[in-house]
**Student:** 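For reference, the structure I am asking about is given below.
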Amino acid sequence: MRTSEQSFAREIGALEAVFDFLHRFFERAGIDPEVGLSLDFVTEELFTNFVRHNDATRAEITIRLREDPETVSIQLIDPDAEPFDPTAVADPKVDRPIDERRAGGLGIHLSRRMLDELVYDYDDRVMTVTATKRILS
């Protein structure tokens, strides 16, 4: 099992460093590039939501990576956060015309479709979201 952890500034500009961290881990772990693309998307969606929707703190966001023989997991940890459960967000009505849709929710919807598991935890003002993708078929 491989693990790695790093904290990042709570700003959109930190995404370049986030992707560098992910890609170095994926390369060391031999993660298939297709799996990596899905995990890039999910991580960007969650990290961006943490930054945009928790602007009451400057605390860094921590990302933990774990790879085992069957899965790779990305855990994003947001300290001093208000609760927001991305697993409970209703799917957008993607079958409706664009002018009949409500803005928002599409990124989380797509993320859930790309993953094998998305788990939310909230304890003592710390929000943790774990995204898991199977790497073996």
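Numbering starts at 1 and runs along the sequence shown. Since this is a predicted model, take the numbers as computed values, not measurements. The figures here come from the full heavy-atom set of this structure, side chains too, leaving out hydrogens, waters and symmetry mates.
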**Student:** Is there a donor-acceptor pair under 3.5 Å between the side chain of Arg134 and the backbone N or O of Asp116?
**Tutor:** no
**Student:** Between atom CG of Asn54 and atom CG of Asn49, what is the distance when rounded to the nearest 0.5 Å?
**Tutor:** 11.5 Å
**Student:** With sequence neighbours left out, what residues match Ser38 under side chain to side chain donor-acceptor pair (under 3.5 Å)?
**Tutor:** none
**Student:** Once rounded to the nearest 0.5 Å, what's the spacing between atom CG of Asp85 and atom OH of Tyr122?
**Tutor:** 12.0 Å
**Student:** Among all residues two or more places apart in sequence or in another chain, which pass the salt bridge (charged side-chain N to carboxylate O under 4.0 Å, His left out) test with Glu82?
**Tutor:** Arg125
**Student:** Is there a chain of hydrophobic side chains (I, L, V, M, F, W, Y, each step under 4.5 Å between heavy atoms) that links Phe84 to Val51?
**Tutor:** yes
**Student:** Once rounded to the nearest 0.5 Å, what's the spacing between atom OG1 of Thr132 and atom CG of Leu115?
**Tutor:** 7.5 Å
**Student:** Sequence neighbours excluded, which residues qualify as side-chain contact (heavy atoms from CB on, under 4.5 Å) partners of Asp20?
**Tutor:** Arg24
**Student:** For Phe50, enumerate each residue passing the ring-ring contact (aromatic ring centres under 6.0 Å, His included) test, keeping only those at least two apart in sequence or located in another chain.
**Tutor:** none
**Student:** Please report the interatomic distance CD1(Ile135) to OG(Ser73), rounded to the nearest 0.5 Å.
**Tutor:** 9.5 Å
**Student:** For a quick test of your reading: what N or O donor-acceptor pairs under 3.5 Å do the side chains of residues 59-68 make, sequence neighbours left out?
**Tutor:**
from  : atom 1 : to    : atom 2 : distance (Å)
Thr62 : OG1    : Ser7  : OG     : 2.8
Arg64 : NE     : Glu5  : OE1    : 2.7
Arg64 : NH1    : Gln75 : OE1    : 3.1
Arg66 : NH2    : Asp68 : OD2    : 3.2
Asp68 : OD1    : Glu70 : N      : 2.8
Asp68 : OD1    : Thr71 : N      : 2.7
Asp68 : OD1    : Thr71 : OG1    : 3.2
Asp68 : OD2    : Thr71 : OG1    : 3.2

**Student:** According to a 4.5 Å side-chain heavy-atom criterion applied to Ile, Leu, Val, Met, Phe, Trp and Tyr, with indirect links allowed, do Val18 and Phe26 form part of one hydrophobic cluster?
**Tutor:** yes
**Student:** Using 0.5 Å steps for rounding, measure from the CE atom of Met127 to the CG atom of Asp80.
**Tutor:** 11.0 Å
**Student:** How close do Phe47 and Leu15 get, heavy atom to heavy atom, and via which atoms?
**Tutor:** CD2-CD2, 3.7 Å
**Student:** Between Tyr120 and Leu46, is there shared hydrophobic-cluster membership here, with clusters defined by ILVMFWY side-chain heavy atoms closer than 4.5 Å?
**Tutor:** yes
**Student:** Would you list the pairs meeting salt bridge (charged side-chain N to carboxylate O under 4.0 Å, His left out) in which at least one residue belongs to residues 31-41, sequence neighbours left out?
**Tutor:** none
